[in-house]
Amino acid sequence: GAAIVDVLDYLPQETEGRDSILQILQGLAQAMVRYQDPQSGTWYQVTDQGARKGNYLESSCSAMFIYSLFKAVRMGYIDPSYLDVAKAGYEGFLKNFIEVDKDGVVTITKACAVAGLGGKVYRSGDYDYYINETIRNNDPKAVGPFIMASLEYERLQK
């Protein structure tokens, strides 16, 4: 989602296939709504299996989804009603993944350290693989998208 909203900045309206990319983004936005955890407003590591044992709310995917939704609404790529989904995600992110210590140091928690497919034998891509990968704090794939989501949030406040 984040890549789609960013690449659209560089594709003029008349670019062949741009409409197909917008349709993919719109379908992805619908899926984000369908799989958003209603209690927290964020998303699970295995997005479509939130209730399954061992699954957990994960910060990097949540940050990327929130960023994608905020920017897509701002740019007019998706319906403005998705702003409510993005705001719920943002508020949930703050409640579930942000910790501030006694010195004011901010930590973003619960990011999957790495996940992928192929290459090595242990990368099976099954449910157990995804829920058992290392979870760490301040992972760049959570921090960067959260900063970008925060900037989009601020733009939408104006």
Side-chain angles (χ1 to χ4, degrees), residues 1-9 24-25 27-75 77-78 80-120 122-158:
I4 293 171
V5 295
D6 286 347
V7 80
L8 284 167
D9 291 344
I24 292 168
L25 177 61
L28 181 57
Q30 291 171 358
M32 288 180 204
V33 171
R34 186 168 47 252
Y35 295 115
Q36 185 177 35
D37 176 55
Q39 282 75 43
S40 70
T42 61
W43 289 265
Y44 281 88
Q45 165 68 353
V46 181
T47 311
D48 66 342
Q49 297 187 36
R52 194 163 169 189
K53 184 179 182 193
N55 207 356
Y56 61 95
L57 297 172
E58 201 276 337
S59 62
S60 66
C61 72
S62 294
M64 290 182 216
F65 290 163
I66 296 161
Y67 168 69
S68 302
L69 291 167
F70 275 146
K71 185 171 180 180
V73 167
R74 179 175 63 83
M75 298 299 292
Y77 301 145
I78 60 176
S81 64
Y82 286 100
L83 189 56
D84 292 336
V85 177
K87 284 181 179 178
Y90 192 78
E91 291 168 12
F93 195 98
L94 294 174
K95 289 177 187 167
N96 291 282
F97 304 128
I98 299 291
E99 293 179 358
V100 182
D101 72 13
K102 63 179 176 48
D103 297 320
V105 176
V106 176
T107 298
I108 295 178
T109 64
K110 300 176 188 166
C112 178
V114 66
L117 298 174
K120 295 184 180 182
Y122 71 89
R123 290 182 152 184
S124 65
D126 65 9
Y127 181 80
D128 287 333
Y129 164 71
Y130 281 107
I131 64 161
N132 287 302
E133 281 297 291
T134 302
I135 300 168
R136 65 182 179 188
N137 294 339
N138 293 327
D139 186 273
K141 33 181 205 312
V143 174
F146 178 69
I147 291 169
M148 294 180 353
S150 295
L151 292 170
E152 287 296 328
Y153 177 81
E154 290 298 318
R155 284 183 185 114
L156 288 165
Q157 300 309 303
K158 294 180 180 176

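As the structure is a prediction and not an experimental result, all values here were calculated from the model. As a basis for the values below, the full set of heavy atoms in this structure was taken, side chains included, without hydrogen atoms, waters or symmetry mates.
- Of all non-hydrogen atoms in Tyr67 and Pro145, the two that sit nearest each other are CB-O, 4.0 Å.
- Checking side-chain atoms of Tyr56 against main-chain N and O of Ile135 turns up no donor-acceptor pair under 3.5 Å.
- A donor-acceptor contact shorter than 3.5 Å links the side chain of Glu58 to the backbone of Cys61.
- Side chain of Gln36 to backbone of Val85: a donor-acceptor contact under 3.5 angstrom is found.
- Considering CZ of Phe97 and CG of Asn137, their distance stands at 11.5 Å, rounded to 0.5 Å.
- At distances below 3.5 Å, not a single donor-acceptor pair connects side-chain atoms of Asp103 with backbone N or O atoms of Val105.
- Side-chain atoms of Gln45 come within 3.5 Å of backbone atoms of Tyr130 as a donor-acceptor pair (strictly under, hydrogens ignored).
- Contact detail for Ala72 and Val5: the closest heavy-atom pair is CB-CG1, 3.9 Å.
- Annotation: the span from Ile4 atom CD1 to Tyr77 atom OH amounts to 11.0 Å, rounded to 0.5 Å.
- A side-chain donor-acceptor contact under 3.5 Å links Ser62 to the backbone of Trp43.
- When atom types are taken as modelled, the side chain of Tyr35 and the backbone of Gly50 share no donor-acceptor pair closer than 3.5 angstrom.
- Aromatic ring centres of Tyr90 and Phe146: separated by under 6.0 Å.
- Between Tyr127 and Gln49, the shortest heavy-atom contact is CD1-OE1, 3.5 Å.
- Side-chain N or O atoms of Asn138 include one that pairs as donor or acceptor with a backbone N or O of Ile108 at under 3.5 Å.
- In terms of heavy atoms, Ala113 sits closest to Lys141 at O-NZ, 2.7 Å.
- Taken from CD1 in Ile66 to OG in Ser150, the straight-line distance is 8.5 Å, to the nearest 0.5 Å.
- The backbone N or O of Phe93 lies less than 3.5 Å from no partner atom in the side chain of Thr42, so there is not a single donor-acceptor pair.
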Trace of the side chain to side chain contact (heavy atoms under 4.5 Å, CB included) decision for Val114 with Thr134 = CA-CA 7 Å; Val114 66; Thr134 302; over 6 Å; no
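- Tyr153 and Phe70 have tilted rings, their planes meeting at an angle from 30° to 60° on a 0 to 90° scale.
- Checking side-chain atoms of Lys71 against main-chain N and O of Ala149 turns up no donor-acceptor pair under 3.5 Å.
- Looking only at side-chain heavy atoms (C-beta outward), Tyr44 and Ile131 stay at 4.5 Å or farther from each other.
- Note: Asn96 CG to Ser40 OG = 5.0 Å, rounded to the nearest 0.5 Å.
- Taking the side chain as every heavy atom from C-beta outward, Asp9 and Met75 approach each other to under 4.5 Å.
- Within the model, atoms CZ of Arg136 and SG of Cys112 stand 9.0 Å from one another, a figure rounded to the nearest 0.5 Å.
- Between Ala111 and Ala142, the shortest heavy-atom contact is CB-CB, 4.0 Å.
- Atoms CG and CG, from Asp84 and Leu69 in turn, are 11.0 Å apart once rounded to the nearest 0.5 Å.
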